[in-house]
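Each ligand, and each atom within it, is numbered from 1 in the order the structure gives. If you read the sequence from its start, that first residue is 1, and numbering goes on from there.
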Amino acid sequence: MRHLMSPLDLSAEELDDLLTLANDIERNPSKYAHACEGKKLATCFYEPSTRTRLSFEAAMLNLGGSVLGFASADSSSAAKGESVSDTIRVISCYADICAIRHPKEGAALVASSKSSIPVINAGDGGHQHPTQTLTDLLTIRSLKGRLGNLTIGLCGDLKFGRTVHSLIHALIRYPGVKFILISPEELRIPGYIREDVLKKNNIPFEELERLEDAILQLDILYMTRVQRERFFNEEDYVRMKDFYILTKDKLAAAKEDMLILHPLPRVNEISVEVDDDPRAVYFKQAKYGVYVRMALILTLLMPNSIQVSPEGVTLLMPNSIQVSPTSANTTEGGSIC
Ligand code: NCD
């Protein structure tokens with residue numbers, strides 16, 4: 001049984017296959033419409049979410065499965081003091097796979113250590129957000145045709161933005177990637193990413209404060225929101241929140257084929273006038289999030305049912321629900337109810 005805590009839990013080849021599977025799902029949705037019949041996805045969200053939770057749910061429904069879960073800590077027994085470890089042990093009795101989002105770094109990892117079903121980290125505090133990274137990679141690969149040889153500008157709250165942390169981890173595997181890290185001094189990328197990820201792997205990067213100084217050279221501009229909920233005081237947030245506002249005027253200097261990504265939600269950092277620019281792909285990106293989560297659910301839940309080869313993607317047991325004689329739970333690992 002496998003979990004997904006970080007994008008690096010997938011080898012480069014597995015990641016490639018997963019993105020290919022996601023593209024096949026996009027092209028042939030009906031082929032996958034019954035692949036997860038009889039399976040359940042639990043979404044355990046202790047933090048607000050629109051895209052991540054609903055795209056996970058849409059993904060499982062598109063696969064013919066069903067969903068259950070909670071959308072806030074207040075509506076779960078966390079409000080009564082239950083630990084994540086206990087909650088996941090219970091969820092393991094109700095569902096076949098679980099996506100969890102929690103404000104504390106490492107919470108998903110703790111859950112995975114107590115779970116008898118695959119656990120997907122849907123965001124743990126300011127740490128990682130691997131399924132957003134899968135979404136970002138699928139968007140870039142589908143629309144740009146490659147993941148290597150790109151100059152990527154990451155702009156905004158690079159300190160607390162977990163999507164940025166996960167994306168850097170994943171992209172350093174591709175040759176010819178260069179990062180321009182654009183942030184105010186107080187929201188620079190954490191030291192461990194600068195030292196242990198970028199410098200250690202000899203990845204070229206620059207740190208700048210002004211978007212205008214970088215935009216000209218970018219193939220991808222990845223905008224992020226200032227993460228209000230992670231600030232210790234509101235005054236600092238208010239000072240930082242409108243540091244970057246991407247407008248049509250600023251875009252005038254960018255390459256014709258630069259792509260603008262944003263994990264969303266957007267606050268003020270991209271002016272709505274930019275939405276109509278063909279380079280703005282953040283709403284398309286949200287759609288890719290469904291295909292890639294479908295691919296991930298299939299990969300974790302039914303690893304032996306998918307074969308990706310240069311000839312195409314084969315789904316080996318699209319309609320059959322496997323019920324083992326000893327357990328109704330078809331994922332590996334014994335029940336711990
Ligand atoms: C991101 C997150 O939750 O980290 N949103 C998302 O999942 N699409 C980015 C954010 O909240 O700013």
Residue and atom name of the nearest protein heavy atom (relative to atom 4 (O) of ligand 1), distance in Å to one decimal: R162 NE, 2.8 Å
Crowding at CD, E13 (>12 non-hydrogen neighbours, <6.0 Å): no
For atom 6 (C) of ligand 1, the protein heavy atom that lies nearest, with its residue and separation: L264 O, 3.4 Å
Residues E82 and T87: side-chain donor-acceptor under 3.5 angstrom: yes
Region of T224 that comes within reach of ligand 1 [heavy atoms, distance under 4.0 Å]: neither
Close approach of P265 to ligand 1, heavy atoms, under 4.0 angstrom: yes
Short side-chain donor-acceptor distance under 3.5 Å, D136 and Q285: yes
Sub-3.5 Å N/O-N/O distance, T163 and ligand 1: no
Flag for T43-R53: side-chain donor and acceptor within less than 3.5 Å: no
Any N/O pair Q132/ligand 1 closer than 3.5 Å: yes
Sidechain N-carboxylate O distance under 4.0 Å for R173, E14: no
P263 neighbourhood, listing ligand 1 atoms whose heavy-atom distance to it stays under 4.0 Å: 8 (N), 9 (C)
Of the listed options R53, R225, R51, closest to atom 11 (O) of ligand 1 (non-hydrogen atoms): R225
Ligand 1 atoms in contact with T52 (distance to a heavy atom under 4.0 Å): 6 (C), 7 (O)
Ligand 1-proximal atoms of E47, by part, heavy-atom distance under 4.0 Å: neither
Pair K114 + D86: basic N to acidic O under 4.0 Å: no
S83 and R89 side chains, donor-acceptor separation under 3.5 Å: no
